Student: 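Next up is a structure, given as structure tokens.
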Amino acid sequence: MFPIETAEKIKSMEIRGAGRIARAAAEALRAQALCSKASFPLAFVDEMERAAELLVSTRPTAVSLPNAVHMVMAGIGRAKTVEEARAGVVERADEFIQSSQHAVEKIAEFGARHIRDGDTILTHCNSEVALGCIIEAHRSGKEIEVFATEVRPRNQGLITIRTLNDAGIKTNYIVDSAVRSFINDIDLVIVGADAVTVNGAVVNKIGTSQVAHSAHEARVNVLVAAETYKFAPRTIIGEQIQIEERAAGEVLPDEIARTLPHVTVRNPAFDVTPAEYIDMIVTEQGAIPPQMAYVIIKEYLGWDIGEFHKAFEINTGHIE
Ligand code: RI2
């Protein structure tokens, strides 16, 4: 699929989930590189940069998206010909997609070990990696039960309960506001992430921080399943994660909203859970306490300070 089509599908959430949108973006850049008719390197770079910007502009919160685009675009490197640049992009895109799929499997394997036989788990939203851990625990023979939230307003909980049902896992479906009522029945909370900041805060679907707060109060452990490419390098230089606010119509139908002129609907899609409410983050490199997010950004994601400066210059339009 080409970048324009992929961008539309990410915007409309036909393609959704932080990992999936990252892989879809890598795939779109690969398709663009393969079909480019650019006859000299600068034209190729220009075309690819426009595609990259379009993809990154679709949804602002999941850092996996700009990280994936950055990794794929780095394939252009110092290429001297269009063919070299094209091959670089294709190679990096393939590498990213493969390593992303591998990361999802590794996290399932590591995360499942934190689930005990007889555990009742609560999950919020629809995270491929969080569900991977749960399904792997079930597959390895552990008797588990899950509570899954509805996830207003987009109801991603429906996808979650279908997946759990298909896997044969005993599942309870609850409205988002019922989490505190059931928290004493829960042994472990497992959620995914759209972004992890340098101070170990986790940005995930709206409501995650309430879930984590309830869990903290009830002394229930919170495990976050997140691939290393969901860690946000630019938070090291003080950049904030932008929380996407989606259309009011997702919460309240327009025909009702029109009759309520004094009412403003607010629809943030994500919230921030502070590190102190998170017990561990399971990455494909192993589990870490959230306070070690810096190490993942520096050691595994491999951003060096030169790249921070470059990113900073691009963002501020300031070139030294
Ligand atoms: P995986 C989703 O965002 C949810 O917030 C989910 O927890 C997160 O991405 C991670 O998903 P949305 O696209 O990568 O539904 O673990 O807004 O699948």
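Every heavy atom of this structure was used, including side-chain atoms; hydrogens, water molecules and symmetry mates were not. Predicted model only: the values in this text are computed from it and were never measured. Remember, it's 1-based here, ligands and their atoms both numbered in the order they're listed.
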Student: Using a strict 4.0 Å cut-off to heavy atoms of K230, name the atoms of ligand 1 that fall inside it.
Tutor: 1 (P), 14 (O), 16 (O)
Student: Measure the distances from the heavy atoms of T61 to every atom of ligand 1 and state whether one is below 4.0 angstrom.
Tutor: no
Student: Within a distance under 4.0 Å of any heavy atom of F270, pick out the atoms of ligand 1 and give their elements.
Tutor: 3 (O), 5 (O), 17 (O)
Student: Short list, please: which atoms of ligand 1 are under 4.0 Å from a heavy atom of G19?
Tutor: 14 (O)
Student: Between Q156 and E150, does the side chain to side chain contact (heavy atoms under 4.5 Å, CB included) criterion hold? Intermediate values first, please.
Tutor: CA-CA 7 Å; Q156 287 97 326; E150 187 179 25; over 6 Å; no
Student: Just jot down the ligand 1 atoms closer than 4.0 angstrom to any heavy atom of C125, in number order.
Tutor: 4 (C)
Student: Looking only at protein heavy atoms, which one is nearest to atom 11 (O) of ligand 1, and how far off is it?
Tutor: A18 N, 3.4 Å
Student: Sub-3.5 Å donor-acceptor pair from the side chain of D166 to the main-chain atoms of T163, do we have one?
Tutor: no
Student: Is there any N or O on A130 that sits under 3.5 Å from an N or O of ligand 1?
Tutor: no
Student: What protein heavy atom lies closest to atom 15 (O) of ligand 1? Include the residue and the distance to one decimal.
Tutor: R16 NE, 2.7 Å
Student: Please list, in number order, the atoms of ligand 1 under 4.0 Å from a heavy atom of R59.
Tutor: 12 (P), 13 (O), 17 (O)
Student: Hey, any chance M280 and I190 share a hydrophobic cluster, counting ILVMFWY side chains that come within less than 4.5 Å of each other, even indirectly?
Tutor: yes
Student: So that I can tick it off, tell me whether R23 and E128 are bridged by a salt bridge, with the cut-off set at under 4.0 angstrom between side-chain N and carboxylate O.
Tutor: yes
Student: Flag the pair F96 / Y229 as yes when their ring centroid distance falls below 6.0 Å, and as no otherwise.
Tutor: yes
Student: Can D119 and K142 be counted as an ion pair, charged N to O under 4.0 angstrom?
Tutor: no
Student: Specify the protein heavy atom at minimum distance from atom 16 (O) of ligand 1: its residue, its atom name, and the distance to 0.1 Å.
Tutor: S127 OG, 2.6 Å
Student: For Q156 and ligand 1, does the shortest N/O to N/O distance drop below 3.5 Å?
Tutor: yes
Student: Can you pull out the closest protein heavy atom to atom 18 (O) of ligand 1? Residue, atom name and distance to 0.1 Å, please.
Tutor: E128 N, 2.8 Å
Student: Taking 4.0 Å as the limit for heavy-atom contacts, which would you say applies to H124 with ligand 1: side chain only, backbone only, both, or neither?
Tutor: neither
Student: Give the numbers and elements of all ligand 1 atoms closer than 4.0 Å to a heavy atom of V129.
Tutor: 16 (O)
Student: At under 4.0 Å between heavy atoms, is it the side chain or the backbone of A225 that contacts ligand 1, or both, or neither?
Tutor: neither
Student: Under a 4.0 Å heavy-atom limit, does V191 contact ligand 1 with its side chain, its backbone, both, or neither?
Tutor: neither
Student: Strictly below 4.0 Å, N to O, side chains only: are E244 and R246 in salt-bridge contact?
Tutor: yes
Student: For atom 10 (C) of ligand 1, find the nearest protein heavy atom and state the residue, atom name and distance (0.1 Å precision).
Tutor: A193 O, 3.5 Å
Student: Rounded to the nearest 0.5 Å, what separation is found between the CG atom of L301 and the CD1 atom of I296?
Tutor: 8.5 Å
Student: Enter the distance from I10:CD1 to L65:CG here, rounded to the nearest 0.5 Å.
Tutor: 5.5 Å
Student: Considering only protein heavy atoms, which is closest to atom 6 (C) of ligand 1, and at what distance to one decimal place?
Tutor: N204 OD1, 3.5 Å
Student: Could you go through the side-chain hydrogen bond (donor to acceptor under 3.5 Å, both in side chains) check for R180 and S214 one step at a time?
Tutor: CA-CA 6 Å; R180 195 158 178 261; S214 292; 4.7 Å; no
Student: Which is it for D185 and T120 under the side-chain hydrogen bond (donor to acceptor under 3.5 Å, both in side chains) test, yes or no, and what are the steps along the way?
Tutor: CA-CA 7 Å; D185 300 333; T120 299; over 6 Å; no
Student: Number the atoms of ligand 1 from 1 as they appear, then name those within less than 4.0 Å of a heavy atom of M13, with their elements.
Tutor: 15 (O), 17 (O)
Student: Check for me, please, whether V179 and F182 land in the same ILVMFWY cluster - side-chain distances under 4.5 Å, paths through other members count.
Tutor: yes
Student: Can you pull out the closest protein heavy atom to atom 3 (O) of ligand 1? Residue, atom name and distance to 0.1 Å, please.
Tutor: D194 OD2, 3.3 Å
Student: Look at atom 17 (O) of ligand 1 and say which protein heavy atom is nearest, naming residue and atom and giving the distance to 0.1 Å.
Tutor: K205 NZ, 2.7 Å
Student: For residues T228 and Q285, is any side-chain donor paired with an opposing acceptor at under 3.5 Å?
Tutor: no
Student: What part of R154, side chain, backbone, both or neither, has a heavy atom within less than 4.0 angstrom of ligand 1?
Tutor: neither
